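Notes follow once the structure below has been shown.
Residue numbers begin at 1 in each chain, while the letters A, B, ... track the order of the sequences. Please read all numbers here as calculations on a predicted model, not as lab measurements. What's counted below: heavy atoms across the whole structure, side chains too, no hydrogens, waters or symmetry copies.
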2 protein chains.
Amino acid sequence: MVADSRAKRPSQDSRRTAILEAAAQVFFEQGYAATSIDAIIERIGGSKRNIYNEFGNKEGLFTALVSESADTALSALSVGGFEGRSLNEVLLEFGRRLLEIYMSPGLIGVYRSIMPEALRFPELAKDFFDKGPGRASDRLAEVLAEARDRGEIDLDDCHAAADHFVGMFRDNLHLRVVLGLRPPPSPAEAEAAVTSAVGIFLHGIYGIDRAGRPKGR
Amino acid sequence: MVADSRAKRPSQDSRRTAILEAAAQVFFEQGYAATSIDAIIERIGGSKRNIYNEFGNKEGLFTALVSESADTALSALSVGGFEGRSLNEVLLEFGRRLLEIYMSPGLIGVYRSIMPEALRFPELAKDFFDKGPGRASDRLAEVLAEARDRGEIDLDDCHAAADHFVGMFRDNLHLRVVLGLRPPPSPAEAEAAVTSAVGIFLHGIYGIDRAGRPKGR
DNA sequence: CTTGACTGGTAATGTACGTTACCTTACCAG
DNA sequence: CTGGTAAGGTAACGTACATTACCAGTCAAG
């Protein structure tokens with residue numbers, strides 16, 4: 001596409017990111033269809049020509065925004081740091097990262113805005129899923145498979161279990177935040193949600209006592 | 001899909017439901033902002049006056065549609081039939097109903113269309129949540145509390161656990177269906193997802209063997 | 001049959017928006 | 001300093017849409 005190595009004008013790259021930031025605010029709050037290019041330009045000044053020169057059209061801007069948002073938000077899960085720790089600790093850390101990502105304004109906004117456009121932009125929906133929730137589930141499935149190979153657990157379908165685990169972090173708490181019915185959880189609430197989910201995932205409700213610690217085993 | 005063309009007396013009620021059915025198809029597929037009143041009228045014939053006489057404006061039609069869809073879809077959870085059965089059986093039955101509801105075209109469509117409009121229609125978002133996912137979680141929390149009172153389980157926060165359970169049915173499988181990346185699950189897939197989720201919820205991954213049956217206890 | 005209330009169809013109105021044509025400015029080489 | 005090139009800005013164009021008006025049928029009752 002553009003291979004302009006030298007920056008002639010005042011930082012073409014900062015212009016692009018400024019547009020994306022403004023677009024995020026408007027798209028994620030109003031939705032794709034209800035967002036006007038004028039509303040985006042109002043936030044950063046300048047002219048609509050900037051957007052059309054950089055992204056081609058409204059679709060191009062939206063797809064670039066969703067793709068980059070999903071990519072950067074979920075990259076935090078790719079880093080390791082899980083070696084040599086117990087499954088309980090690994091799941092707790094994984095859950096903390098996952099919840100923080102899911103509750104971040106960026107991913108909340110992507111959720112809100114991509115839903116009704118998924119049928120209109122099938123390739124974008126697939127890209128978002130693969131980069132985001134799909135990658136999270138795949139990554140966790142690897143972790144579970146490693147634990148199984150070490151003999152810690154005895155799971156048949158690691159991927160199905162990983163899906164269930166990921167789903168526990170998109171529960172009604174997450175839905176309320178997405179719908180704007182409550183603010184994102186405080187650190188204390190988040191930690192409580194993570195420990196609760198990990199406890200149930202590992203030991204089930206039969207195996208947890210009132211303090212949240214595993215009963216047997 | 002209008003039932004009878006013989007009756008020139010369309011009995012306001014059947015006209016109302018015909019409008020709502022057509023509106024569901026268009027709103028749920030295109031999204032609120034991208035849907036035009038003309039597109040709805042095209043499906044059932046007649047004049048736009050019908051819609052404006054019955055629902056006032058576009059907002060009124062959308063809110064009526066979302067409210068009634070959530071109400072009817074989730075009403076299946078309100079019926080009882082859980083008395084005198086083991087917790088495992090109750091959760092399996094509850095999960096089956098829940099998954100069927102979540103995968104129904106009606107609720108999938110509500111999901112798709114309400115997300116970006118939640119900030120614009122806060123009271124509608126609250127209404128949808130309370131009638132839908134909130135009620136499911138409340139109902140399950142009651143079931144869990146009854147089981148606790150019978151001494152079957154030992155849970156501190158039944159509502160948090162219920163939220164986690166409900167979340168397991170809005171996992172990546174559900175997300176893929178909402179995003180149009182795959183069709184709703186077959187009955188066999190649905191049953192497998194339910195048994196898997198209930199197994200983890202009750203016994204955790206430490207307590208399930210390869211056949212999906214609980215290991216200890 | 002006449003009246004009245006309602007429905008269907010067409011079109012008008014006012015507005016908002018995506019996109020583009022055209023002008024204006026800033027930067028660069030020579 | 002000058003001419004050329006590309007980006008920035010202004011305004012227009014064409015369209016689509018929510019909403020309303022207007023007129024023509026159509027059924028119910030009197």
Side-chain angles (χ1 to χ4, degrees), chain A residues 1-23 25-27 29-66 113 116-117 120-121 124, chain B residues 1-23 25-27 29-66 113 116-117 120-121 124:
Chain A
M1 193 179 139
V2 178
D4 196 0
S5 51
R6 61 201 176 95
K8 306 179 184 179
R9 282 302 177 102
S11 176
Q12 195 171 355
D13 196 49
S14 75
R15 191 54 144 194
R16 179 187 166 90
T17 58
I19 292 176
L20 283 176
E21 279 179 24
Q25 292 180 11
V26 184
F27 273 133
E29 195 170 322
Q30 319 262 345
Y32 172 78
T35 293
S36 71
I37 304 288
D38 287 319
I40 299 171
I41 279 302
E42 269 179 14
R43 308 215 165 209
I44 52 173
S47 161
K48 294 194 255 186
R49 287 317 299 253
N50 291 319
I51 292 180
Y52 283 93
N53 285 340
E54 181 69 30
F55 298 98
N57 55 17
K58 192 180 175 183
E59 276 191 31
L61 175 58
F62 183 64
T63 55
L65 172 65
V66 169
S113 53
E117 314 302 333
R120 199 189 316 271
F121 306 132
L124 179 63
Chain B
M1 257 303 276
V2 183
D4 40 351
S5 56
R6 68 159 176 91
K8 272 301 189 180
R9 49 168 51 265
S11 85
Q12 310 122 344
D13 196 47
S14 78
R15 175 182 318 282
R16 179 187 165 90
T17 58
I19 293 177
L20 284 175
E21 278 179 25
Q25 293 180 11
V26 185
F27 274 133
E29 194 170 322
Q30 319 262 346
Y32 172 77
T35 293
S36 71
I37 303 288
D38 286 320
I40 299 172
I41 279 302
E42 269 178 16
R43 307 214 165 211
I44 52 173
S47 166
K48 292 190 256 187
R49 287 317 291 256
N50 290 318
I51 292 180
Y52 284 94
N53 284 341
E54 182 71 29
F55 299 99
N57 55 16
K58 192 179 174 183
E59 276 191 30
L61 175 57
F62 183 65
T63 55
L65 173 64
V66 170
S113 54
E117 315 301 335
R120 200 190 315 272
F121 306 132
L124 179 62

Hey, which of these two, A:Ala33 or A:Arg49, hits DNA chain C nearer its 5' end, going by closest nucleotide?
A:Ala33
Gap between atoms [atom1] and [atom2], on [X] and [N] respectively (whole Å):
X       : N      : atom1 : atom2 : result
B:Arg15 : D:dC27 : CZ    : P     : 13 Å
A:Phe62 : C:dG18 : CZ    : C1'   : 16 Å
A:Glu54 : D:dG8  : CD    : C1'   : 14 Å
A:Tyr52 : D:dG9  : OH    : P     : 16 Å
A:Asn57 : C:dT20 : CG    : P     : 8 Å

Between A:Asn50 and D:dG9, is there a side-chain N or O to OP1/OP2 distance below 4.0 Å?
yes
Excluding sequence neighbours, so at least two apart, what forms salt bridge (charged side-chain N to carboxylate O under 4.0 Å, His left out) with A:Arg43?
none
Taking only residues two or more places apart in sequence or in another chain, which ones pass salt bridge (charged side-chain N to carboxylate O under 4.0 Å, His left out) with B:Arg120?
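By the salt bridge (charged side-chain N to carboxylate O under 4.0 Å, His left out) rule, B:Arg120 matches B:Glu117.
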For the pair B:Phe62 and B:Phe121, name the ring-plane relationship: parallel under 30°, tilted 30 to 60°, perpendicular over 60°.
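Aromatic pair B:Phe62/B:Phe121 classed tilted.
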Assign a letter to each nucleotide of nucleotides 12-17 of chain C from its 5' end: B, base within under 4.0 Å of a protein heavy atom; S, sugar-phosphate only; -, no contact.
-----S
Mind checking whether B:Phe55 and B:Leu20 have side chains closer than 4.5 Å, heavy atoms only?
yes
Does the structure place the NZ or CZ of B:Lys58 under 6.0 Å from the centre of the six-membered ring of B:Tyr52, at an angle of no more than 45° from the ring's axis?
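No.
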Can you tell me how far apart CD (B:Glu59) and CG (B:Leu61) are? Round to the nearest 0.5 Å.
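Taking CD in B:Glu59 and CG in B:Leu61, the distance rounds to 11.0 Å.
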